[in-house]
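Just so it is clear: chains get the letters A, B, ... in the order the sequence lines come, proteins before strands, and each one is counted from 1.
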Amino acid sequence: MPANAISPTRAEDYPEWYQQVVRAADLAETSPVRGCMVIKPHGYAVWERMQGILDGMFKATGHVNAYFPLFIPLSYLEQEAQHVEGFAKECAVVTHHRLELGPDGKLIPTGKLEEPLVVRPTSETIIGAMYAKWIQSWRDLPVLINQWANVVRWEMRPRVFLRTAEFLWQEGHTAHATREEAEEETRKMLEVYATFAERDLAMPVVKGPKPAGERFPGAVDTLSIEAMMQDGKALQAGTSHFLGQNFAKAQKITFAGPEGNEEFCWTTSWGVSTRLIGAVIMTHSDDDGLVLPPRIAPHHAVILPISRTDEERAAVLEACCQLQGSLAAASFAGEPVRVKTDARDIRGGDKVWQHIKQGVPVRIEIGPRDLAAGAASLTRRDRGPKEREAIPLAELPARLPEILEEIQQGLFDRAAAFRESRSVRLESAAEVTEYFARDDAGFAWVHVADDPAIAALLDPLKVTVRCIPQDGPDEPGTCIVTGREVPRRSVLARAY
RNA sequence: CGGGGCGUGGCGCAGUCUGGUUAGCGCGCCUGGUUUGGGACCAGGAGGUCGAGAGUUCGAAUCUCUCCGCCCCGACCA
């Protein structure tokens with residue numbers, strides 16, 4: 001057997017390593033439908049964890065859930081000019097509503113639709129149409145709605161979790177009476193995403209506005225959180241858009257103000273998707289497979305009974321059962337510890353490696369020797385597969401939550417240190433060119449103006465301005481391309 | 001859409017150039033046995049109309065034509 005469970009390793013072939021991790025962890029696989037993935041139970045369980053936490057955060061910030069149709073009339077999409085331009089090239093279109101059996105036994109679409117329907121690539125237009133109906137008075141505002149849904153974007157080159165033709169996400173859509181309030185909402189939701197990424201996914205992010213060329217079609221301002229993957233590339237992990245009055249004007253979303261004046265609403269939208277699963281994989285996983293931060297792990301720990309004879313097995317299973325009960329009574333991150341016993345009749349080594357590859361944070365093995373000592377052998381996914389520690393059974397319910405917290409924090413620290421080690425400050429166009437020729441390139445913090453002129457420098461390097469980080473002190477400087485004064489550095493990187 | 005590559009049991013592949021016994025191999029799966037604090041070993045077994053269609057031929061996974069699908073590179077991807 002090779003030293004590592006995943007082949008190739010990250011260093012050998014990063015993209016292939018990613019695919020193999022997804023496969024070895026049994027998260028998802030490609031489907032008969034081009035560009036669409038099947039999310040398998042383990043992958044979906046991770047998504048459900050993410051959903052649960054985010055949904056709670058949305059509700060805590062005053063939002064409610066609703067559901068809007070999958071289909072959008074073609075004419076709706078045409079309402080906002082930039083929006084059409086941005087999405088037109090990647091839409092699935094429904095033109096018929098019936099099938100008839102042809103003479104050769106094949107099904108033929110019939111019943112042509114009067115107006116084609118677009119499968120939503122995003123829902124601004126259909127939701128805006130409803131908001132136009134619902135909102136009449138300033139007393140109706142703000143409207144703060146989120147929906148959990150699937151969307152379809154006909155991508156040219158799909159990649160499991162990172163870019164699939166159909167994906168799951170949430171999209172928040174809000175309408176406000178004032179510009180200030182909508183802008184505040186946009187920032188607030190970015191903050192929710194950043195907190196979730198760093199606290200729950202243990203994934204450090206840079207947050208701030210995108211340059212004009214990278215904005216959501218139809219948005220006045222797009223804020224994003226950007227994470228660094230282990231190959232140094234950036235991944236946009238969440239976005240929050242200030243839509244100004246663009247959609248309100250296109251869709252007549254108006255309200256009567258306190259003085260009887262009719263005004264357009266100010267709207268926002270924000271979303272994160274199953275891409276976050278890809279982000280977690282590429283942030284934490286190693287050459288033995290998936291590594292899950294405890295807060296989003298479907299199971300915090302798995303108990304593995306070890307026995308040879310039937311008598312031993314009975315005693316060991318009994319002990320496992322008791323331990324599972326006492327551990328489940330403990331809590332981590334405000335929830336009961338999630339623990340399961342894997343008593344399947346398969347070889348011990350296979351079983352252990354399955355759990356390693358699936359990213360379970362902690363493995364607890366109980367065999368006759370442990371039982372005699374009144375202890376269990378504990379191994380952690382963030383350490384070597386054979387680094388074990390004996391812990392008295394009575395102490396485990398108190399120790400496990402501490403260990404989970406250590407793992408959660410340790411994963412964040414490790415990712416932050418990695419990002420730091422692959423970040424540089426550059427002062428000239430020549431330095432940028434030189435830096436991105438290196439194969440260990442990462443984030444370059446550079447003074448650049450938000451100006452199309454910088455494309456001449458960045459395009460050949462396949463580098464983009466990821467965002468203009470909003471945190472930290474202002475650091476004015478001159479743009480390395482235009483020579484113009486800018487208030488702070490931007491983050492440049494290659495991106496997924 | 002342009003360039004390249006590939007379709008053979010669940011997965012990974014050999015065989016195709018040079019047509020010819022019952023289409024092989026590794027992993028996985030099932031059964032039995034020996035094992036067991038670590039991804040075991042031995043034996044037996046199941047599973048394939050070789051992407052689809054047409055053609056050449058006594059005979060096609062192999063040659064010819066058409067079609068379909070997938071992968072990689074590019075274009076594209078708020």
Side-chain angles (χ1 to χ4, degrees), chain A residues 1-7 13 15-16 19-20 23-24 26 29-36 80 82-91 104 121-122 124 151-160 162-165 167 169 171 209-224 235-236 238-243 246 269-271 273 275 288-289 304-309 312-313 316 342 345-358 363-373 375-379 385-386 388 390 459 462 464-467 494-496:
Chain A
M1 263 295 155
N4 298 304
I6 302 298
S7 175
D13 184 347
E16 182 60 23
Q19 311 241 72
Q20 293 303 327
R23 182 177 165 148
D26 212 22
E29 60 185 62
T30 54
S31 75
V33 184
R34 196 203 82 101
C36 295
E80 214 287 334
Q82 287 178 12
H83 199 63
V84 192
E85 205 185 315
F87 286 109
K89 281 176 285 184
E90 52 186 49
C91 284
D104 56 355
T122 179
E124 274 73 11
V151 287
V152 168
R153 297 180 187 180
W154 215 260
E155 300 289 356
M156 300 302 266
R157 192 178 301 174
R159 277 252 261 158
V160 182
L162 298 179
R163 186 177 298 113
T164 47
F167 56 92
W169 77 345
E171 47 181 327
K210 290 269 190 192
E214 302 275 331
R215 274 181 206 137
F216 175 80
V220 172
D221 205 2
T222 287
L223 312 181
S224 80
L235 184 76
Q236 179 177 302
T239 48
S240 184
H241 313 291
F242 171 59
L243 304 175
N246 290 351
S269 67
W270 29 274
S273 72
R275 172 181 260 202
D288 286 330
L304 304 165
I306 293 161
S307 61
R308 304 184 200 192
T309 64
E312 280 179 359
R313 184 171 168 80
V316 165
D342 185 353
D345 183 22
I346 59 172
R347 295 190 56 78
D350 283 331
K351 201 188 278 188
V352 165
W353 280 100
Q354 279 183 19
H355 292 295
I356 291 174
K357 289 187 279 194
Q358 292 213 319
R363 303 186 299 281
I364 299 168
E365 302 172 12
I366 299 185
R369 289 213 294 269
D370 303 295
L371 226 49
S377 300
L378 184 141
T379 44
K386 301 206 166 144
R388 66 184 67 241
D459 285 358
K462 299 188 176 191
T464 48
V465 176
R466 300 315 303 160
C467 71
R494 294 211 175 91
Y496 277 97

Given the [atom1] atoms of [N] and [M], what is the spacing between them in whole Å?
{"N": "B:U21", "M": "B:G15", "atom1": "C1'", "result": "16 Å"}
{"N": "B:U22", "M": "B:G5", "atom1": "P", "result": "34 Å"}
{"N": "B:G2", "M": "B:C65", "atom1": "C1'", "result": "24 Å"}
{"N": "B:G48", "M": "B:C25", "atom1": "P", "result": "16 Å"}
{"N": "B:G26", "M": "B:C63", "atom1": "C1'", "result": "30 Å"}
{"N": "B:C17", "M": "B:A61", "atom1": "C1'", "result": "14 Å"}
{"N": "B:G12", "M": "B:U56", "atom1": "C1'", "result": "34 Å"}
{"N": "B:C70", "M": "B:G32", "atom1": "P", "result": "42 Å"}

Does [N] have a Watson-Crick or wobble partner in any strand here, with both distances under 3.5 angstrom, and which is it?
{"N": "B:G9", "answer": "none"}
{"N": "B:G74", "answer": "B:C1"}
{"N": "B:G20", "answer": "B:C58"}
{"N": "B:G53", "answer": "B:C65"}
{"N": "B:U31", "answer": "B:A43"}

Could you state the interatomic distance from [atom1] ([X]) to [atom2] ([Y]), rounded to the nearest 0.5 Å?
{"X": "A:D345", "Y": "A:R313", "atom1": "CG", "atom2": "CZ", "result": "6.0 Å"}
{"X": "A:Q236", "Y": "A:Y496", "atom1": "CD", "atom2": "OH", "result": "15.0 Å"}
{"X": "A:E214", "Y": "A:R466", "atom1": "CD", "atom2": "CZ", "result": "6.0 Å"}
{"X": "A:R369", "Y": "A:I306", "atom1": "CZ", "atom2": "CD1", "result": "9.0 Å"}
{"X": "A:H241", "Y": "A:T222", "atom1": "NE2", "atom2": "OG1", "result": "5.0 Å"}

* Is a side-chain donor-acceptor pair under 3.5 Å present for A:S269 with A:E124? -> yes
* To do: Consider only side-chain N and O atoms of A:Q354 and A:Q358, and report whether a donor and an acceptor are under 3.5 Å apart.
  => no
Base, sugar-phosphate or nothing for [X]? Non-hydrogen atoms, less than 4.0 Å.
{"X": "A:Q354", "value": "nothing"}
{"X": "A:S377", "value": "base"}
{"X": "A:G367", "value": "base"}
{"X": "A:P368", "value": "base"}

* To do: Would you kindly compare A:R23 and A:P305 by the position of their nearest RNA chain B nucleotide and give the one closer to the 5′ end?
  => A:R23
* Taking for each residue the nucleotide of RNA chain B bearing the nearest heavy atom, is the 5' side occupied by A:Y496 or by A:K357? -> A:K357
Measure [atom1]/[X] against [atom2]/[N] and give the value in whole Å, please.
{"X": "A:W154", "N": "B:C77", "atom1": "CH2", "atom2": "C1'", "value": "15 Å"}
{"X": "A:R313", "N": "B:G37", "atom1": "CZ", "atom2": "P", "value": "16 Å"}
{"X": "A:D26", "N": "B:G28", "atom1": "CG", "atom2": "C1'", "value": "14 Å"}

Of all the nucleotides listed ([options]), which has the minimum atom distance to the side chain of [X]?
{"X": "A:A5", "options": "B:C77, B:G37, B:G39", "result": "B:G39"}
{"X": "A:K89", "options": "B:G37, B:C77, B:G39", "result": "B:C77"}
{"X": "A:W353", "options": "B:C77, B:G37, B:G39", "result": "B:G39"}
{"X": "A:R369", "options": "B:G39, B:C77, B:G37", "result": "B:G37"}

* OP1 or OP2 of B:G39 less than 4.0 angstrom from a side-chain nitrogen or oxygen of A:R347, does that happen here? -> yes
* Please check the phosphate of B:G74 (OP1 and OP2 only) for any side-chain N or O of A:K462 closer than 4.0 Å. => yes
